[in-house]
Protein chains: 2
Amino acid sequence: MATQGERRAETRRRLLTAAAELFAERGVDGTSIDAIAERADRTSGAVYDHFGGKDGVLIALLDTWVEELGLVIGAELSTATTLAERLAVLWRNVSEPVVGGDRWISLELELWAHAARNPDAREHLVRRYRGAWKGIVELAGRSGDASPEVGPAVIGVLLGLELMRRVDPASVTDELAVAALVGVVAGTSRPDLDPQTTGATAR
Amino acid sequence: MATQGERRAETRRRLLTAAAELFAERGVDGTSIDAIAERADRTSGAVYDHFGGKDGVLIALLDTWVEELGLVIGAELSTATTLAERLAVLWRNVSEPVVGGDRWISLELELWAHAARNPDAREHLVRRYRGAWKGIVELAGRSGDASPEVGPAVIGVLLGLELMRRVDPASVTDELAVAALVGVVAGTSRPDLDPQTTGATAR
DNA sequence: GAAAAAGGATAGGACGTCCTATGTATCTCG
DNA sequence: CGAGATACATAGGACGTCCTATCCTTTTTC
């Protein structure tokens with residue numbers, strides 16, 4: 001016989017997976033709380049009880065995924081030796097994620113768009129990604145090439161390339177993606193690049 | 001005395017600028033047609049008459065900006081000589097756009113997220129960017145380094161880095177962005193890179 | 001076994017949005 | 001100058017959403 005706590009945990013899982021599907025299908029704003037509850041064979045009251053509202057569902061969903069994804073990536077990274085291999089691991093886990101399937105990138109985009117105009121969400125997002133990056137670096141072990149500052153930029157390139165790949169799949173090959181990532185890492189770990197030859201100016 | 005056509009043109013402009021402001025402030029889904037009309041000192045009837053609905057407003061807005069942006073970029077590119085300089089021009093026009101101010105990137109993200117689950121929007125987006133890229137390449141003139149295939153990937157990196165810069169401004173310097181872009185171009189225009197050393201596999 | 005607490009169902013009100021149908025003032029053109 | 005076309009306003013119905021208040025059922029605690 002299932003205890004109350006077990007049932008509650010299952011309700012939470014059902015609500016989260018239902019929300020993940022619906023958010024990806026119709027977008028966050030296009031998904032009603034009632035729709036989430038209905039797909040989970042629950043009612044809206046359960047959603048409010050568990051997450052307090054739609055924003056709570058979104059945050060919980062992404063936090064869960066980022067955590068799991070960080071673990072997976074960290075594990076794979078420990079077996080990679082070269083920089084390119086490590087970056088390929090990152091790219092593979094974004095373009096063909098084991099965790100969360102195709103959906104989580106769509107959700108990420110929604111959240112970033114949301115964060116671009118909401119200071120609270122922005123702060124949450126920054127903390128979350130910095131933490132994830134830190135965890136990845138630690139799990140990867142002795143990687144002198146992955147200085148902490150590259151983290152955000154690497155993530156930015158990963159998201160941007162995946163975004164493009166979703167719209168125009170043929171345009172972003174794996175080789176291309178890895179080459180771009182190598183470029184990013186090289187850009188920060190080799191500040192000796194001559195600004196005059198790059199044409200870039202400090203902001 | 002303003003003619004009818006002139007008044008119509010002004011109404012169109014007012015509606016578009018109002019929509020741009022509101023979309024950036026509250027997001028596309030969070031903006032009602034009535035709110036757009038109200039800020040433009042018009043009524044919802046005018047919006048429907050001009051654009052047929054909210055999607056029409058969004059498309060018209062982005063098409064206008066992409067067109068103008070393409071012209072600006074093309075003009076600046078003609079004075080750039082090295083590859084890095086050209087890529088720096090691209091980055092500058094994304095991170096500090098003259099056209100559309102800060103808003104258009106936010107809108108782009110919304111549209112991409114929308115396109116990720118809407119085939120029609122996806123097709124429109126692909127056409128628009130391919131056209132814009134083609135125009136840029138032509139305006140830039142004899143650039144053998146900018147092969148047509150890099151276009152989408154370059155745009156993806158631009159968007160991704162700008163996305164990250166908006167959330168965490170200090171994390172993406174201009175030098176870093178240009179270095180990443182150089183990496184992308186190098187990745188496609190030099191297919192002689194050994195896949196085994198990069199760790200990437202063909203999909 | 002009784003009391004307390006928790007998980008969840010149900011119903012409904014307040015609100016906002018989309019979009020259409022119709023009205024009206026202004027312009028265009030024969 | 002008068003008829004038609006144009007540009008936009010106005011009003012309102014249908015719909016969906018959020019969230020609260022209240023109730024019932026099951027589990028835990030003493």
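Residue numbers begin at 1 in each chain, while the letters A, B, ... track the order of the sequences.
- Taking only side-chain atoms of A:Arg8, from C-beta outward, the nucleotide of C:dA9, D:dC19, C:dG7 with the closest atom is C:dG7.
- Here the nucleotide nearest the side chain of B:Lys54, chosen from D:dC19, C:dC18, D:dA7, is C:dC18.
- Per the geometry, CG belonging to B:Asp29 stands 13 Å off P belonging to D:dT17, to the nearest Å.
- Distance A:Asp41 CG to C:dT10 P: 12 Å, rounded to the nearest Å.
- Within the structure, a side-chain polar atom (N or O) of A:His50 is placed less than 4.0 Å from OP1 or OP2 of C:dG8.
- When each of D:dA7, D:dC19, C:dC19 is scored by its nearest atom to the side-chain atoms of B:Ile33, the top-ranked nucleotide is C:dC19.
- As a whole-Å value, the separation of B:Glu38 CD from C:dG16 P is 12 Å.
- Residue A:Thr43 is classed as a base contact, given a heavy-atom separation below 4.0 Å to a base.
- As judged by a 4.0 angstrom heavy-atom cut-off over every strand, B:Ser44 is placed among the base-contacting residues.
- Rounding to whole angstrom units, CZ of residue B:Arg7 and P of C:dT26 are separated by 10 Å.
- Looking at B:Asp49 and B:Arg8, their side chains come closer than 4.5 Å, going by heavy atoms from C-beta outward.
- The side chain of B:Ser32 lies closest to C:dT17, out of C:dG7, C:dT17, C:dC19.
- Atom P of nucleotide D:dA9 and atom CZ of B:Arg42 are separated by 6 Å, given to the nearest angstrom.
- Proximity note for B:Asp34 (side chain, C-beta onward) versus C:dC18, D:dA7, C:dG7: the nearest is C:dC18.
- Checked for salt-bridge contact, B:Arg13 and B:Glu10 miss the test: no charged N lies under 4.0 Å from a carboxylate O.
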Yes or no on side chain to side chain contact (heavy atoms under 4.5 Å, CB included) for B:Leu58 and B:Phe51, after CA distance, side-chain angles and deciding distance? CA-CA 9 Å; B:Leu58 184 59; B:Phe51 304 105; over 6 Å; no
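- Between the P atom of C:dA9 and the CZ atom of A:Arg14 lies a distance of 11 Å, rounded to the nearest Å.
- Computed from coordinates, the B:Asp49 CG to C:dT24 C1' distance equals 14 Å when rounded to whole Å.
- What separates CZ of B:Phe51 from P of D:dA7 is a distance of 13 Å, to the nearest Å.
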Where do B:Arg128 and B:Asp63 land on the side chain to side chain contact (heavy atoms under 4.5 Å, CB included) test, with the steps shown first? CA-CA 8 Å; B:Arg128 188 155 66 74; B:Asp63 280 352; 2.6 Å; yes
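- Heavy-atom neighbours of A:Glu25 CD from other residues, nucleotides or ligands within 6.0 Å: above the threshold of 12.
- Residues A:Gly45 and A:Gly30 each lie close to DNA chain D; by heavy-atom proximity, the contact nearer the 5' end of the strand is made by A:Gly30.
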